[in-house]
Amino acid sequence: MTTKNNNSNAFLIHISAFAGYFFPLGGVIAPLIFWQVKKNESDFLDEQGKEAVNFNLSFLLYTFILGLTFIPLFLGTLFKNIEHSNNEFLFDFPSMFGFFGGISIIALLGVIRFVFIILAAIKANNGEHYKYPLTIQFIK
C-alpha cells in the first residue's frame, strides 16, 4: 500500500526525465538524483526510481546506437556530393532519403519515450507499479 506522498514523489521521479529536453543528459541525471534522494523512504519509490533510471538509460543507449548508424549515411552523402560537385551541393533522393529517414526514426523514438514517461507518471501517481517496455535492467 502506497501513500499519496509516495505516489506524488514517484510521479515526480518519472516526470523529471523531461529535463532531458532542456539539459544534456538531464533525462538520466534528474531521475537518478530524485531516486537517490527518495529511495529509502519506501520500496515503491525505490522500484519506480530504478524503472525510470533504467528506462532513460536504455533509451539514451538506443538513440546513441541509432545515431551511430547514420554516420555512414551522412558521410556517404557528403563524399558523394563532394566527388560529383562543381562547387555545388547536390541533393539526390536516394542518399537523402536514408539520412532523413534515420532522423525520422530518432524523432519517433522521442515520441515513444514521451508517451511512456507520461503513462508511467500517471500510473505511479495512482499508486500502480509500472514497468517500462524495452528496458535494459542496468540497476537491479
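Numbers here simply count residues along the sequence, with the first being 1.
- Counting heavy atoms from C-beta on, the side chains of Leu57 and Ile136 never come closer than 4.5 Å.
- Val111 and Tyr21 are not part of a single hydrophobic cluster, where members link through side-chain heavy atoms under 4.5 Å apart.
- Other residues, nucleotides and ligands contribute at most 12 non-hydrogen atoms within 6.0 Å of the CZ atom of Phe34.
- A ring-ring contact (aromatic ring centres under 6.0 Å, His included) with Phe55 is found for one member of Tyr132, Tyr62, Phe138 and no other, namely Tyr132.
- In this structure the side chain of Phe59 reaches within 4.5 angstrom of the side chain of Ile112, judged on heavy atoms.
- One distance of note links CD of Gln48 with CG of Asn7; it measures 9.5 Å at 0.5 Å rounding.
- Under the 4.5 Å side-chain criterion, counting only non-hydrogen atoms from C-beta, Ile118 is in contact with Phe18.
- At most 12 non-hydrogen atoms from other residues, nucleotides or ligands lie less than 6.0 angstrom from CZ of Phe114.
- One finds the OG atom of Ser42 at 9.5 Å from the CD atom of Glu47 (value rounded to the nearest 0.5 Å).
- Within a 6.0 Å radius of CZ in Phe64, no more than 12 heavy atoms belonging to other residues, nucleotides or ligands are found.
- In terms of hydrophobic clustering, with Ile, Leu, Val, Met, Phe, Trp and Tyr side chains grouped at heavy-atom distances under 4.5 Å, Val37 and Ile13 are assigned to different clusters.
- Counting only distance, with no hydrogens or angles, the side chain of Asn54 and the backbone of Gln137 share no donor-acceptor pair below 3.5 Å.
- Cluster annotation: Val28 and Ile117 are assigned to the same hydrophobic cluster (Ile/Leu/Val/Met/Phe/Trp/Tyr, side-chain heavy-atom contacts under 4.5 Å, transitive).
- The distance from the CG atom of Asn6 to the CG atom of Asn125 is 11.5 Å, given to the nearest 0.5 Å.
- Side-chain heavy atoms closer than 4.5 Å link hydrophobic residues (I, L, V, M, F, W, Y) into clusters, and following such links, even through other members, never connects Ile122 to Val115.
- At least one side-chain heavy atom of Asn56 sits less than 4.5 Å from a side-chain heavy atom of Arg113.
- For Phe116 against Pro133, the heavy-atom pair with the smallest separation is CZ-CG, 3.3 Å.
- The CD1 atom of Ile15 sits 12.0 Å away from the OG atom of Ser8 when rounded to the nearest 0.5 Å.
- Under the 3.5 Å distance criterion, the side-chain polar atoms of Thr63 are left unmatched by any main-chain donor or acceptor of Leu61.
- Here the side chain of Lys50 pairs a donor or acceptor atom with the backbone of Lys140 at under 3.5 angstrom.
- With values rounded to the nearest 0.5 angstrom, Ile105 atom CD1 is found 8.0 Å from Thr69 atom OG1.
- To the nearest 0.5 angstrom, Lys38 atom NZ is 9.0 Å from Leu12 atom CG.
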